[in-house]
Each structure stands twice: as structure tokens, then as C-alpha cells.
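We count residues from 1, following the sequence as given.
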Amino acid sequence: MKSPTYGIVDVETAKKIIYDFKEHSPFKIYIGTDSDARDGVVTFATVLIVYKIGVGATYLYTLKREYKHYDMFTRLFQETYLSLEMANFAREMLNLTSPEIHIDIGYDGASRDVLSTVVGYVKGMGYPYKLKPWAFAATKIAHRHTK
């Protein structure tokens, strides 16, 4: 059976969805953001995935659209900022600890030039992280909602 996904919901609804899903089972939290620019509009999708170990996962996501131009560095930094904002929300409002941040940057390609800056930002905020190709929250799940 496929797990449900949820768009933008209020804090109390998010808490209920997450706590009903995990039901006192061991779980992990993954957060990632991806973006897509098209016709002068940049769409950012940020996901919060709750993975119940050995059972499956569900996720919530938010979308943000901006009518402005971003260079690659600024856009990747904004993706990271939005992921960290979601991680802080998960920690402070939803009482979820140790979310892992998935960054849509890898050692290959043009994004590697900003890798050390973005990784330093995430590490400085105290969160564990994964990069491409292991950053599935950003590269697979969030990516679905940018198109």
C-alpha cells in the first residue's frame, strides 16, 4: 500500500499526521529541498519525510514560488536555507529530533564549487547531512514537486 503524501498543512495537523504515522516506533526524519526555474519563476519544494524503520515512509511538503532570477550559488544556498528552516520547524514545533538534511549538491558537476560553503552552513547549524547521490529527499522526493 502506498503511503499518503501531504501538501501544506497547519502545525497541529502536521503533528497529528506524523505522530499517528510513527506510532511510537523507531523512525528517522529526512529533509530536503529542490528547485526549478521556468519562465521567470523559481519553484522551491521542501519535504519532511518520516521514515518508520522497516515499515515505510510518509512525507509533508511545502512549495514556494518566486519571480526573480537566481544564479546557481544563490539558488543552491536558498535551497539549503529552506531545508534548515524546515529542520528548525521540525525540531521546535513538531518536537522531532535529529533530522538529516539532504543537499542537492554533489562532487561532480558545477555545483561542487559551492559544496564546501553549503556543507559548512549545515554543519554549523548542527545537523547531519547527505549529498548526491545519497540525498534522496532533495533529488527524488522534493524534485517531484518542482515540475
Taking only distance into account, with no hydrogens and no angle test, what donor-acceptor pairs under 3.5 Å do side-chain atoms of residues 99-112 form with protein atoms, sequence neighbours excluded?
unit_1: E100; atom_1: OE2; unit_2: H102; atom_2: NE2; d: 2.7
unit_1: H102; atom_1: ND1; unit_2: F136; atom_2: N; d: 3.3
unit_1: H102; atom_1: ND1; unit_2: A137; atom_2: N; d: 3.1
unit_1: D104; atom_1: OD1; unit_2: K132; atom_2: NZ; d: 3.4
unit_1: S111; atom_1: OG; unit_2: G106; atom_2: N; d: 3.4
unit_1: R112; atom_1: NH1; unit_2: G109; atom_2: O; d: 2.7

Pick from L94, I18, V47: which one makes a side chain to side chain contact (heavy atoms under 4.5 Å, CB included) with L60? I18
Are Y81 and M72 connected, step by step, through hydrophobic side chains (Ile, Leu, Val, Met, Phe, Trp, Tyr) whose heavy atoms are closer than 4.5 Å? yes
Show, in sequence, the C-alpha distance, side-chain angles and deciding distance for Y30 and Y59, and conclude whether the ring-ring contact (aromatic ring centres under 6.0 Å, His included) test is met. CA-CA 9 Å; Y30 304 102; Y59 69 95; over 10 Å; no
Applying side chain to side chain donor-acceptor pair (under 3.5 Å) to D20 and not counting sequence neighbours gives K16
Exactly one of T139, V119, V122 should register a side chain to side chain contact (heavy atoms under 4.5 Å, CB included) with L131. Which one does? V119
Who pairs with N88 by side chain to side chain contact (heavy atoms under 4.5 Å, CB included), at least two apart in sequence or on another chain? E92, M125, Y127
All pairs passing salt bridge (charged side-chain N to carboxylate O under 4.0 Å, His left out) where residues 72-86 contributes a residue, at least two apart: none
Does T33 have any side chain to side chain donor-acceptor pair (under 3.5 Å) partners at least two apart in sequence or in another chain, and if so, which? T46, S83
Excluding sequence neighbours, so at least two apart, what forms side chain to side chain contact (heavy atoms under 4.5 Å, CB included) with M93? V11, F89
Atom pair OG/NE2 of S35 and H145 - distance to nearest 0.5 Å: 14.5 Å
Residues which pass side chain to side chain donor-acceptor pair (under 3.5 Å) with T80, listed by chain and number, not counting sequence neighbours: none
By the rule that ILVMFWY residues connect when side-chain heavy atoms come within less than 4.5 angstrom, directly or transitively, which residues belong alongside V55? none
Taken in chain and number order and not counting sequence neighbours, the residues that satisfy side chain to side chain contact (heavy atoms under 4.5 Å, CB included) with D71 are F73, T74
Please give me the minimum heavy-atom distance between A142 and G32, naming the atom from each residue. CB-O, 3.9 Å
Residue pair T146 / D34: nearest heavy atoms and the distance that separates them: CG2-O, 3.4 Å
List the steps and the verdict of side chain to side chain contact (heavy atoms under 4.5 Å, CB included) for I49 and I29. CA-CA 6 Å; I49 301 168; I29 303 294; over 6 Å; no
Using a 4.5 Å side-chain heavy-atom cut-off and chaining through intermediate ILVMFWY residues, the residues clustered with V41 come out as Y67
Minimal non-hydrogen separation, A87 against I31, with atom names: CA-CD1, 3.4 Å
Run the salt bridge (Lys or Arg N to Asp or Glu O under 4.0 Å) test against D36 and tell me which residues pass, sequence neighbours left out. R38, K147
For E66, all residues meeting side chain to side chain contact (heavy atoms under 4.5 Å, CB included), sequence neighbours excluded: F44, K64, K68, Y70, Q78
Is the number of heavy atoms from other residues, nucleotides or ligands within 6.0 Å of NZ (K52) greater than 12? yes
Between the OG1 atom in T58 and the CZ atom in F27, the distance rounded to the nearest 0.5 Å is 13.5 Å
